[in-house]
Amino acid sequence: MHTVILSKKFKPKGNYDLVRLGKLNDSGYLVDKRDVNDANILISLGVCHAWSFEESFLKLNSVPIEAYDGTTGLFKLFKMTINALITFQRQLFFQSLIAFFGYSRFFSGSTKHHEVMVGFDKSPTFTSLDSIFKSVVKTNQKVFLKIDIEGWEYRLLDDIMKHSKNICGLAIEFHELDIHIEKVEQFISDFPLEIAHVHCNNYALTTPEELPLVIEATFSSQSLLNNSEVVFPNPLDSSNDKYKEDYKIDFRD
């Protein structure tokens with residue numbers, strides 16, 4: 001198993017009540033079950049053509065979901081399916097076909113998909129996280145926030161901090177960590193929620209210093225179950241690339 005190196009600032013102080021939401025391999029996250037149960041709403045940024053995280057969330061707590069992703073939608077999934085068929089991409093064809101037929105079934109009623117990108121306000125195709133909170137979150141509501149938006153997450157950090165009083169849990173993927181490492185470490189220090197879990201995406205490379213370029217981090221508003229030593233990867237973790245071993249994390253000063 002390949003060992004990567006992260007600062008101890010990324011290491012949880014102990015064990016949380018972690019459960020896995022989402023399918024094995026890519027798009028699943030480990031989160032504290034208590035944060036899920038406390039949530040009044042799930043705001044999910046980045047769903048692409050897979051919403052197994054959101055499906056798993058609803059099984060634990062049936063709350064309204066507001067999902068935002070400008071790269072997907074019924075017509076876009078149809079185009080993806082046809083293109084995969086024409087170009088003989090067998091795996092992508094079946095993935096997009098399943099997503100096309102499942103889209104309208106899942107995104108209905110109080111589970112909504114907004115076909116916009118999230119980063120800044122530029123109507124009609126872009127919106128900011130601040131605008132989302134102002135439009136869908138009531139004053140005392142608790143929000144579970146999931147963010148997987150391929151590098152745009154750095155445009156949201158100030159808004160996450162601004163609305164932190166409403167956030168009970170956060171699952172976020174940080175990209176290009178070598179470039180943004182100081183910004184992420186500062187966010188960890190300033191954010192009121194504690195880091196509860198970290199997992200390295202093994203689709204991404206590591207630097208010559210063995211810093212992973214992409215990590216998944218979970219933040220929790222809950223207290224520790226215990227402060228015993230935490231093992232990484234967690235037994236509930238699943239390698240993003242199923243054909244490669246997961247990364248082992250060595251936390252250092």
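Below, each value reflects all heavy atoms present in this structure, side chains not excepted, and no hydrogens, waters or symmetry copies.
The minimum heavy-atom distance between F10 and L177, with the atom names listed, is CZ-CD1, 4.4 Å. For the residue pair F53 and S27, the shortest heavy atom distance occurs at CB-O, 3.9 Å. Contact detail for K23 and D26: the closest heavy-atom pair is NZ-O, 2.9 Å. The heavy-atom pair separating N61 from N37 by the smallest distance is ND2-O, 3.4 Å. Across every non-hydrogen atom of F93 and S96, the tightest pair is O-OG, 3.1 Å. Closest approach of P12 to H197, counting heavy atoms only: CG-N, 3.8 Å.
Counting only N and O atoms by type, the side chains of D69 and H113 include no donor and acceptor under 3.5 Å apart. No side-chain donor from either of E245 and N202 sits under 3.5 Å from a side-chain acceptor of the other. With hydrogens and angles left out, the side-chain atoms of D253 and S7 include no donor and acceptor closer than 3.5 Å. For the residue pair H199 / D246, a side-chain donor-acceptor distance below 3.5 Å is found, with atom types taken as modelled. Donor-acceptor pairing under 3.5 Å is recorded for the side chains of D35 and Q222.
Looking at D148, its side chain never comes within 3.5 Å of a backbone N or O of E173 through a donor-acceptor pair. In this structure a side-chain-to-backbone donor-acceptor pair under 3.5 Å is missing from D17 to L225. In this structure, T81 contributes its side chain and L77 its backbone to a donor-acceptor pair below 3.5 Å. A donor-acceptor contact shorter than 3.5 Å is absent between the side chain of K142 and the backbone of G169. Counting only distance, with no hydrogens or angles, the side chain of E153 and the backbone of G151 share a donor-acceptor pair below 3.5 Å. Panel note: side chain Y154, backbone K183; no donor-acceptor pair is recorded below 3.5 Å. The backbone N or O of G22 sits less than 3.5 Å from a side-chain atom of S56, completing a donor-acceptor pair. Within the 3.5 Å criterion, the main-chain N or O of T127 finds no donor-acceptor partner in the side chain of S131. Judged purely by atom type and a 3.5 angstrom limit, Q141 uses its side chain to pair as donor or acceptor with the backbone of K138.
Within the structure, salt bridge (Lys or Arg N to Asp or Glu O under 4.0 Å) pairs that include any residue of residues 105-127 comprise E55-R105, K76-E115 (at least two apart or interchain). Residue pairs meeting the salt bridge (Lys or Arg N to Asp or Glu O under 4.0 Å) criterion with at least one partner in residues 216-235, sequence neighbours excluded, are K11-E229.
When hydrophobic clusters are built by joining Ile, Leu, Val, Met, Phe, Trp and Tyr residues whose side-chain heavy atoms come closer than 4.5 Å, directly or via intermediates, W152 is not grouped with V214. When the side chains of ILVMFWY residues are joined at heavy-atom separations under 4.5 Å, either directly or via intervening members, I249 and I188 end up in a single hydrophobic cluster. V36 and I65 end up in the same hydrophobic cluster when Ile, Leu, Val, Met, Phe, Trp and Tyr side chains are linked at under 4.5 Å.
Scanning for side chain to side chain donor-acceptor pair (under 3.5 Å) contacts around T207 gives E209, with sequence neighbours left out. Considering only residues two or more places apart in sequence or on other chains, E54 meets the salt bridge (Lys or Arg N to Asp or Glu O under 4.0 Å) condition with K146. For K242, the side chain to side chain contact (heavy atoms under 4.5 Å, CB included) test picks out N25, with sequence neighbours left out. Y203 is linked by a ring-ring contact (aromatic ring centres under 6.0 Å, His included) to nothing, counting only residues two or more places apart in sequence or in another chain.
Annotation: Y247 is not in aromatic contact with F232 [ring centroid separation under 6.0 Å not met]. Ring centroid separation for the pair W51 and F57 does not come in under the 6.0 Å cut-off. Checked against the 6.0 Å centroid criterion, the rings of F187 and F219 qualify as a close aromatic pair.
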Exercise for the section: Begin from the C-alpha positions of R34 and D38 and carry the test salt bridge (charged side-chain N to carboxylate O under 4.0 Å, His left out) through to its verdict. Expected result: CA-CA 6 Å; R34 295 168 294 177; D38 282 352; over 6 Å; no
Practice task
Evaluate the side chain to side chain contact (heavy atoms under 4.5 Å, CB included) criterion for residues L145 and L129: first the C-alpha distance (whole Å), next the side-chain angles of each, then the deciding distance (0.1 Å), finally the verdict.
Solution key: CA-CA 10 Å; L145 182 60; L129 184 61; 4.2 Å; yes
Exercise for the section: Quick one: do H180 and E182 satisfy side chain to side chain donor-acceptor pair (under 3.5 Å)? Show the steps, please. Expected result: CA-CA 6 Å; H180 301 286; E182 292 181 2; over 6 Å; no
Practice task
Applying side chain to side chain contact (heavy atoms under 4.5 Å, CB included), run through K13 and N227 and close with a yes or a no.
Solution key: CA-CA 6 Å; K13 296 176 182 177; N227 58 3; over 6 Å; no
Practice task
Please assess I167 against S221 for the test side chain to side chain contact (heavy atoms under 4.5 Å, CB included), listing each intermediate value before the final yes or no.
Solution key: CA-CA 8 Å; I167 299 173; S221 60; over 6 Å; no
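Distance OG1/T139 to CG/N166: 8.0 Å, rounded to 0.5 Å. How far CG of N201 is from CG of D241: 8.5 Å, rounded to the nearest 0.5 Å.
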